[in-house]
Amino acid sequence: RRANLIRQFAAFLSTDAGWQYLTQNAKVESVVSDLVALEVDFQVLQDRIAHVNDLTLWANFAVALEMQPTEALNCLAAAAHEGLASERGKSAACPQPGPYSLLAIRLTNHTDSLLPFRELKSSYVDKLATLRATVTRVSTVRPLAKEM
């Protein structure tokens with residue numbers, strides 16, 4: 001399943017629409033040591049995939065994002081790393097991750113998983129949750145034990 005999703009994303013990123021998305025819309029957010037954070041706009045990615053009429057890729061990605069978001073984002077990261085490290089990526093003026101760099105995807109503009117911070121509960125563990133909040137105070141977290 002993962003190999004199929006990586007292969008589909010790699011095929012998409014090798015198209016002109018996919019390559020244009022990767023080089024123009026995906027932004028390198030930060031580089032820390034060997035970790036490269038790549039910001040991916042969900043809505044623009046959805047439009048680009050629809051533009052090349054790859055509905056199976058989008059269906060597979062949507063299901064994987066809902067059921068196993070970490071796995072889905074890692075598949076996108078692997079395909080993006082492969083695309084940036086390809087001959088086309090080396091010749092273009094785009095960010096170059098090192099051969100041993102980790103590429104982390106930071107998903108933005110994903111309104112399907114948007115929820116208020118107060119509603120973030122344990123049921124969202126291992127699920128994709130988009131939070132929009134303002135930090136006003138920071139303290140240590142003390143878990144509440146209800147049963148022993």
Side-chain angles (χ1 to χ4, degrees), residues 1-135 138 141 143-144 146:
R1 180 179 71 222
R2 283 179 281 214
N4 188 34
L5 193 57
I6 292 170
R7 183 187 51 76
Q8 288 177 321
F9 267 123
F12 163 69
L13 293 175
S14 67
T15 65
D16 289 336
W19 182 250
Q20 182 182 13
Y21 174 78
L22 187 61
T23 56
Q24 293 178 358
N25 296 99
K27 299 176 220 119
V28 172
E29 177 117 328
S30 64
V31 178
V32 179
S33 169
D34 284 337
L35 178 68
V36 178
L38 187 67
E39 182 180 308
V40 173
D41 188 313
F42 182 78
Q43 298 297 327
V44 176
L45 179 64
Q46 183 178 18
D47 292 343
R48 294 289 180 182
I49 291 175
H51 178 72
V52 296
N53 292 323
D54 198 344
L55 301 178
T56 57
L57 168 60
W58 189 254
N60 290 344
F61 183 59
V63 168
L65 199 57
E66 184 179 330
M67 304 304 284
Q68 293 289 330
T70 305
E71 183 178 296
L73 293 176
N74 285 341
C75 289
L76 178 56
H81 195 284
E82 184 177 313
L84 291 172
S86 70
E87 290 303 317
R88 190 176 188 180
K90 290 177 183 173
S91 63
C94 58
Q96 291 297 312
Y100 303 109
S101 297
L102 278 175
L103 190 63
I105 300 295
R106 182 174 171 265
L107 198 61
T108 61
N109 202 13
H110 186 260
T111 56
D112 296 343
S113 64
L114 184 65
L115 69 141
F117 191 74
R118 291 176 190 244
E119 292 180 17
L120 184 63
K121 306 287 186 223
S122 62
S123 61
Y124 287 97
V125 171
D126 290 336
K127 301 288 183 214
L128 184 64
T130 303
L131 302 174
R132 192 168 288 151
T134 304
V135 177
V138 178
V141 176
L144 176 65
K146 294 193 176 196

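Along the sequence shown, the residues carry numbers beginning at 1.
Taking the side chain as every heavy atom from C-beta outward, Arg2 and Asn4 never approach each other to under 4.5 Å.
Interatomic distance, CG of Leu13 versus CG of Leu22, reported as 5.5 Å (0.5 Å rounding). Taking OG of Ser122 as the reference point, atom NZ of Lys127 lies at 12.0 Å (rounded to 0.5 Å). Rounding to the nearest 0.5 angstrom, the gap separating the CG atom in Leu65 from the CD atom in Glu71 is 11.0 Å. One finds the CG atom of Leu128 at 13.0 Å from the CE atom of Met67 (value rounded to the nearest 0.5 Å). Here CG of Leu114 is found 6.0 Å from OG1 of Thr130. Values are rounded to the nearest 0.5 Å. Taking CZ of Arg7 as the reference point, atom SG of Cys75 lies at 12.0 Å (rounded to 0.5 Å).
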query: Run the side-chain contact (heavy atoms from CB on, under 4.5 Å) check on Leu38 and His81 step by step: do they pass?
result: CA-CA 10 Å; Leu38 187 67; His81 195 284; over 6 Å; no
- request: Take Val40 and Thr108 through the test side-chain contact (heavy atoms from CB on, under 4.5 Å) and record every step on the way to the result.
  value: CA-CA 6 Å; Val40 173; Thr108 61; over 6 Å; no
message: Determine whether Leu76 and Leu5 satisfy the following criterion, side-chain contact (heavy atoms from CB on, under 4.5 Å), listing intermediate values before the conclusion.
response: CA-CA 8 Å; Leu76 178 56; Leu5 193 57; over 6 Å; no
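Within 6.0 Å of atom CG in Asp126, 12 or fewer heavy atoms from other residues, nucleotides or ligands are found, so the atom counts as exposed in its surroundings.
In this structure, Phe12 and Thr15 approach most closely via the heavy-atom pair O-OG1, 2.5 Å. In plain terms, the two heavy atoms of Ala10 and Ala79 that are nearest each other are N-CB, 3.6 Å. Closest of all the heavy-atom pairs between Ile6 and Ala78 is CD1-CB, 4.0 Å. Nearest heavy-atom pair across Leu131 and Leu115 is CD2-O, 3.7 Å. Thr111 approaches Gln43 most closely through the heavy-atom pair OG1-NE2, 3.9 Å.
Among residues two or more places apart in sequence or in another chain, the salt bridge (charged side-chain N to carboxylate O under 4.0 Å, His left out) test is passed with Glu66 by none. In this structure, the side-chain contact (heavy atoms from CB on, under 4.5 Å) partners of Thr70, at least two apart in sequence or on a different chain, are Asn74. The side-chain hydrogen bond (donor to acceptor under 3.5 Å, both in side chains) search around Asn109 returns Asp41, not counting sequence neighbours.
The six-membered or imidazole ring of Phe9 lies near that of Phe61, with a centre-to-centre distance under 6.0 Å.
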